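Predicted, not measured: the structure shown is a model, and the values here were computed from it. Index from 1, following the sequence.
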Amino acid sequence: MGTKTAAILFTACLLLSACTATKPESAVTSNQQDSAASDSSNSAKDQSNVSSPKSSSKQAGSDDHNSAGKTNAQNDKTSVSNETGAATSATSATTNNKMYHLDKAYNVIPNQQGTEKKVVLLTFDDGPKEAAMINKIIDVLDKHKAKAIFFVNGYRVKEHPELLKLIHDRGQPIGNHSWDHIVLKNKSEPEVKKQIETVQKAVKDITGQAPVFFRPPHGAGGDVGRKVAKENGLLYMTWSVGSLDWTMKKNQPNKTEALLKNVTEQLHPGSNILMHELPWTAEALDSLLTRLEQKGYQFVDPQGIEVPAS
């Protein structure tokens with residue numbers, strides 16, 4: 001009887017030991033699975049967050065940088081969240097950076113509240129003329145980190161395609177100023193189409209890119225000019241501030257001061273400034289841009305202006 005009892009007790013001890021050893025393994029496995037599931041879930045969420053900027057935010061992009069946020073990351077999720085936010089901002093700025101539009105008076109207007117209003121658009125008409133003058137103008141633009149639309153005439157492009165390529169290669173936008181620089185408002189639609197569309201083709205053949213901005217010669221395009229421009233995906237514009245550089249004569253004294261006075265007396269937020277590829281304008285440009293900066297103005301990149309869908 002004693003032997004049987006001892007055997008029973010021994011067997012019970014073995015069973016108890018086996019059960020006790022099994023529980024921690026089961027608990028560890030369960031915890032690992034839970035942890036793996038949690039990591040997988042977090043990873044899926046992170047991947048979703050990282051990929052979502054590609055298809056998100058139709059909000060007009062801005063040059064504002066996101067603040068760095070908290071100095072020390074509390075955990076990995078905070079770090080991932082910050083990186084995702086930065087990616088969203090960068091993608092938004094890259095894919096949807098149209099921050100401005102033109103109003104009916106051809107002023108530059110912000111698309112969103114908070115976008116800088118005190119800006120000007122720089123434009124040069126009637127080129128391309130001379131390499132030295134073009135380089136001088138663009139050197140000044142580069143110095144001030146500014147972009148300008150160079151509105152070109154087709155007949156000049158035909159004579160000197162290398163000058164058009166010079167403007168393009170130096171990173172400045174090119175606009176359409178018609179082929180012959182004639183008044184378009186009283187011309188037939190076929191003639192207006194020829195004046196505009198031949199320039200579109202010539203510029204694209206030379207640079208690989210067709211213009212997206214159109215300025216009618218003498219500011220007179222008429223309803224037909226507007227219609228043909230729109231059909232070609234061009235933003236029609238004249239100007240809201242004239243430098244009057246085209247009225248000046250070669251031997252006229254103090255042309256720089258006259259140009260500065262003409263612009264600054266008309267200056268207002270969103271000014272669309274008309275200038276020309278003229279020697280005295282090239283000479284005055286650095287002083288003009290410096291003066292504008294001193295008055296707190298910034299220079300709009302034309303690529304940030306909305307254009308019609310082509």
Side-chain angles (χ1 to χ4, degrees), residues 100 102-103 105-109 116-153 156 160 163-164 166-167 170-178 181 183 213-221 237-302 304-305:
Y100 296 93
L102 297 187
D103 66 11
Y106 307 110
N107 293 302
V108 181
I109 306 299
E116 180 60 54
K117 294 180 180 179
K118 204 170 182 181
V119 296
V120 297
L121 174 64
L122 305 173
T123 67
F124 295 88
D125 283 14
D126 297 357
K129 290 183 177 178
E130 300 173 10
M133 186 162 53
I134 291 168
N135 278 318
K136 186 172 184 177
I137 289 172
I138 297 179
D139 285 346
V140 174
L141 293 173
D142 287 348
K143 175 183 175 181
H144 292 268
K145 297 180 174 58
K147 298 290 185 183
I149 305 173
F150 285 74
F151 284 100
V152 300
N153 295 123
R156 292 187 184 276
H160 293 288
L163 297 181
L164 183 79
L166 171 62
I167 297 170
R170 293 205 59 181
Q172 297 295 330
I174 294 168
N176 186 327
H177 198 40
S178 85
H181 201 272
V183 174
F213 302 106
F214 173 69
R215 173 174 283 160
H218 312 287
M237 71 170 80
T238 60
W239 58 90
S240 61
V241 171
S243 67
L244 301 181
D245 58 354
W246 66 92
T247 67
M248 299 175 187
K249 305 300 180 183
K250 186 176 181 180
N251 59 354
Q252 178 180 329
N254 303 318
K255 289 190 289 295
T256 295
E257 283 306 315
L259 190 149
L260 292 175
K261 184 172 183 289
N262 290 338
V263 172
T264 55
E265 283 185 349
Q266 304 172 69
L267 190 64
H268 57 271
S271 292
N272 179 350
I273 303 175
L274 168 62
M275 296 175 282
H276 291 76
E277 285 187 29
L278 292 167
W280 44 89
T281 304
E283 190 66 34
L285 187 60
D286 188 32
S287 296
L288 175 62
L289 301 193
T290 299
R291 184 81 58 91
L292 294 176
E293 288 171 328
Q294 289 171 345
K295 290 179 175 294
Y297 282 87
Q298 298 179 20
F299 309 115
V300 167
D301 186 337
I305 299 174

Any heavy-atom pair between the side chains of Pro217 and Val183 that's under 4.5 Å?
no
Min side-chain heavy-atom separation Phe151-Met237 under 4.5 Å
yes
Candidate pair Ile174 and Leu164, rule side-chain contact (heavy atoms from CB on, under 4.5 Å), full reasoning:
CA-CA 8 Å; Ile174 294 168; Leu164 183 79; 3.6 Å; yes
Between Asn262 (side chain only) and Ala258 (backbone N and O only), is there a donor and an acceptor less than 3.5 Å apart?
yes
Between the CG atom in Leu141 and the CG atom in Leu285, the distance rounded to the nearest 0.5 Å is 5.5 Å
So, the side chain of Lys147 versus the backbone of Gly171: is there a donor-acceptor pair under 3.5 Å, distance only?
yes
Residues two or more places apart in sequence or in another chain: which of them pass ring-ring contact (aromatic ring centres under 6.0 Å, His included) with Tyr100?
none
Between Gln172 (side chain) and Ala148 (backbone), is there a donor-acceptor pair under 3.5 Å?
yes
Does the Ser240 side chain pair with the main chain of Asn272, one donor and one acceptor, at a distance under 3.5 Å?
yes
Nearest 0.5 Å, please: how far is CG in Asp126 from CZ in Phe150?
12.5 Å
Val140 and Leu289: CA distance, side-chain angles, deciding distance, side-chain contact (heavy atoms from CB on, under 4.5 Å) verdict:
CA-CA 9 Å; Val140 174; Leu289 301 193; 4.0 Å; yes
Side-chain contact test, heavy atoms from C-beta onward, threshold under 4.5 Å: evaluate it for Leu260 versus Ser287 and give yes or no.
yes
Not counting sequence neighbours, list each pair that qualifies as a side-chain hydrogen bond (donor to acceptor under 3.5 Å, both in side chains) and has a residue in residues 132-146.
Asn135-Arg170, Lys136-Glu283, Asp139-Arg170, Asp142-Arg170, Lys143-Asp286, His144-Asp286, His144-Glu293
To the nearest 0.5 Å, what is the distance between OH (Tyr297) and CD1 (Ile273)?
9.0 Å
Separation between CG of Leu121 and OG of Ser271, rounded to the nearest 0.5 Å
9.5 Å
Atom NZ of Lys295 and atom CZ of Arg291: how far apart are they, to the nearest 0.5 Å?
7.0 Å
Only pairs at least two apart or in different chains count here, so list each ring-ring contact (aromatic ring centres under 6.0 Å, His included) that has a residue in residues 252-290.
Trp246-His276
Do the side chains of Thr238 and Pro216 get nearer than 4.5 Å, heavy atoms only?
yes
Partners passing side chain to side chain donor-acceptor pair (under 3.5 Å) against Tyr106 (at least two apart in sequence or in another chain)
Arg226
Over all atoms of both residues, closest heavy-atom pair of Leu244 and Met248
O-CG, 3.7 Å
For Pro302 versus Phe213, what's the shortest heavy-atom pair and its separation?
O-CZ, 3.3 Å
All pairs passing side-chain hydrogen bond (donor to acceptor under 3.5 Å, both in side chains) where residues 247-258 contributes a residue, at least two apart:
none
Neighbour count above 12 (heavy atom, 6.0 Å) for Lys118 NZ:
yes
Nearest atoms (heavy-atom pairs only) where Pro269 meets Lys117:
CB-O, 3.4 Å
Assess whether side-chain contact (heavy atoms from CB on, under 4.5 Å) is satisfied between Ile137 and Met275, documenting all intermediate values.
CA-CA 11 Å; Ile137 289 172; Met275 296 175 282; over 6 Å; no
With the side chain counted from C-beta on, respond yes when Val241 and Val263 share a heavy-atom pair under 4.5 Å apart, and no when they do not.
yes
So how far is it from Leu288 CG to Leu259 CG, rounded to the nearest 0.5 Å?
6.0 Å
Salt bridge (charged side-chain N to carboxylate O under 4.0 Å, His left out) partners for Asp125, two or more places apart:
Arg215
Do Lys129 and His160 come close enough that some side-chain heavy atom pair is under 4.5 Å?
no
Between Val108 and Val120, is the side-chain contact (heavy atoms from CB on, under 4.5 Å) condition met? List the steps.
CA-CA 7 Å; Val108 181; Val120 297; over 6 Å; no
